[in-house]
Visitor: 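The structure's right below; bear with me while I get my questions together.
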Amino acid sequence: LRSNLVADVAHELRTPLTVMSSNLRALIDDVHPLTKTEVFTLYDQTQHLSRLVNDLHELSLADAHELTLVKESLVVNDLLISIAEIFKPVAETEDIRFTISIPDESLYIFADRVRLNQVIQNLLVNALRHTPSKREITLQLERKDDQVCLQVMDTGEGIPEEHLTHIFDRFYRADRSRDRARGGTGLGLAIGKAIIEAHGGNITVNSVTTQPSGTSFTILLPLENQNYIPENL
């Protein structure tokens with residue numbers, strides 16, 4: 001696994017570095033003039049490298065059980081509503097129906113708001129990327145015994161069965177060329193899994209490629225005990 005990880009990191013670093021090196025060589029040799037377009041290309045590659053380094057750093061912290069979590073009491077209902085307000089206009093521009101389903105009961109968890117927001121938004125970005133127009137994406141929340149169940153469901157193209165067991169692997173892409181072109185590092189789902197597990201929860205995926213196709217990511221997190229009173233109070 002370590003050998004594969006090193007090979008994957010080297011592969012991911014090679015592409016942006018090759019682009020930057022070629023463009024800089026062309027500028028030095030006066031093959032291309034130093035225009036804002038050329039500068040933007042170089043800047044875009046540095047951003048890709050920065051994302052990759054940051055993602056690898058987060059995964060290394062998770063592996064060492066040192067991922068920083070700033071936990072607080074959260075009403076998950078409110079968190080999802082705020083996220084939906086961001087994504088609904090984006091979905092409408094793509095002619096995708098975006099719906100949110102939450103219970104009337106306020107569901108509390110003890111979690112890092114920023115980290116949890118990061119995971120949910122990454123799942124929604126992926127759903128938007130793989131859901132054609134006229135289809136639907138649903139953000140759903142419900143209580144299951146002593147847990148909250150959060151689901152991101154789409155009616156998109158689905159994920160082939162042979163990819164499902166690897167979907168949370170680092171650098172794994174079901175469609176490598178498209179995701180790399182869009183700037184992904186292939187680490188988003190691996191980081192999301194690490195964050196959810198650091199909260200004492202778990203994340204799973206189900207998908208169907210035959211009609212009606214679609215993908216569903218399910219996150220289970222422990223409910224906060226609102227009746228608990230710390231001993232030092």
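All values below were derived from every heavy atom in this structure, side-chain atoms included, with hydrogens, water molecules and symmetry-related copies excluded. Everything numeric here is computed off the predicted structure, so don't read it as measured data. Nothing fancy with the numbering, it's 1 onward along the sequence.
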Visitor: Looking at residues at least two apart in the chain, or sitting in another chain, which of them share a side chain to side chain donor-acceptor pair (under 3.5 Å) with Arg97?
Guide: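 So Arg97 forms no side chain to side chain donor-acceptor pair (under 3.5 Å) with any residue.
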
Visitor: For His57, which residues count as a side-chain contact (heavy atoms from CB on, under 4.5 Å) partner, sequence neighbours excluded?
Guide: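 Testing His57 for side-chain contact (heavy atoms from CB on, under 4.5 Å), a comparison that skips the adjacent residues, returns Ser60, Leu61.
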
Visitor: Can you see whether Glu94 engages Ser133 through a side-chain donor-acceptor pair at a distance of less than 3.5 angstrom?
Guide: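 Distance-only check fails for Glu94 and Ser133.
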
Visitor: Whether the side chain of Thr218 engages the backbone of Val205 through a donor-acceptor N/O pair (distance < 3.5 Å, no angle test) should be reported.
Guide: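 Side chain of Thr218 to backbone of Val205: no pair is present.
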
Visitor: Once salt bridge (Lys or Arg N to Asp or Glu O under 4.0 Å) is applied, do any residues pair with Glu72, and if so which ones, sequence neighbours excluded?
Guide: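 With neighbours one apart ignored, the set is Arg113.
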
Visitor: Mind checking what makes side-chain contact (heavy atoms from CB on, under 4.5 Å) contact with Thr18, not counting sequence neighbours?
Guide: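 Listed in chain order: Arg14, Ser22.
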
Visitor: Which atom pairs, donor and acceptor, lie under 3.5 Å between side-chain atoms of residues 118-126 and protein residues at least two apart or in another chain?
Guide:
unit_1: Gln118; atom_1: NE2; unit_2: Glu58; atom_2: OE1; d: 3.4
unit_1: Gln121; atom_1: NE2; unit_2: Asn117; atom_2: OD1; d: 3.4
unit_1: Asn126; atom_1: ND2; unit_2: Asn122; atom_2: O; d: 3.4

Visitor: Using side chain to side chain donor-acceptor pair (under 3.5 Å) as the criterion, list what pairs up with His166, not counting sequence neighbours.
Guide: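 Partners of His166 under the side chain to side chain donor-acceptor pair (under 3.5 Å) test: Asp169.
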
Visitor: List for me each residue that meets side chain to side chain donor-acceptor pair (under 3.5 Å) alongside Glu197, sequence neighbours excluded, and say none if there are none.
Guide: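 Listed in chain order: Lys193.
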
Visitor: Can you list every salt bridge (charged side-chain N to carboxylate O under 4.0 Å, His left out) pair that touches residues 27-45, not counting sequence neighbours?
Guide: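 Output for this query lists Arg25-Asp29.
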
Visitor: Who passes side-chain contact (heavy atoms from CB on, under 4.5 Å) against Asp78, sequence neighbours left out?
Guide: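 side-chain contact (heavy atoms from CB on, under 4.5 Å) list for Asp78, sorted by chain: Val75.
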
Visitor: Identify the two heavy atoms, one from Leu128 and one from Val90, that lie closest to each other, and give their separation to 0.1 Å.
Guide: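 The pair with the smallest heavy-atom distance is CD1-CG1, 3.9 Å.
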
Visitor: Taking side chain to side chain donor-acceptor pair (under 3.5 Å) as the test, write out the residues that go with Glu161, two or more places apart.
Guide: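 Not a single residue meets the side chain to side chain donor-acceptor pair (under 3.5 Å) criterion with Glu161.
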
Visitor: Say whether, by atom type as modelled, one donor and one acceptor occur between the side chain of Asp112 and the main chain of Val114 under 3.5 angstrom.
Guide: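 Side chain of Asp112 to backbone of Val114, a donor-acceptor pair under 3.5 Å: yes, one is there.
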
Visitor: Report the relative orientation of the aromatic rings in Phe87 and Phe98; use parallel for angles under 30°, tilted for 30 to 60°, perpendicular for over 60°.
Guide: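 Rings of Phe87 and Phe98: parallel, under 30°.
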
Visitor: May I ask you to test the Pro222-Ile109 pair for a side-chain heavy-atom distance under 4.5 Å?
Guide: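 Heavy-atom side-chain distance check fails, nothing below 4.5 Å.
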
Visitor: Can you name the salt bridge (Lys or Arg N to Asp or Glu O under 4.0 Å) partners of Glu105, sequence neighbours left out?
Guide: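 Testing Glu105 for salt bridge (Lys or Arg N to Asp or Glu O under 4.0 Å), a comparison that skips the adjacent residues, returns Arg143.
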
Visitor: With sequence neighbours left out, write down each residue that passes salt bridge (Lys or Arg N to Asp or Glu O under 4.0 Å) with Asp95, or none if nothing qualifies.
Guide: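 With sequence neighbours excluded, Asp95 shows a salt bridge (Lys or Arg N to Asp or Glu O under 4.0 Å) to Lys134, given in chain and number order.
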
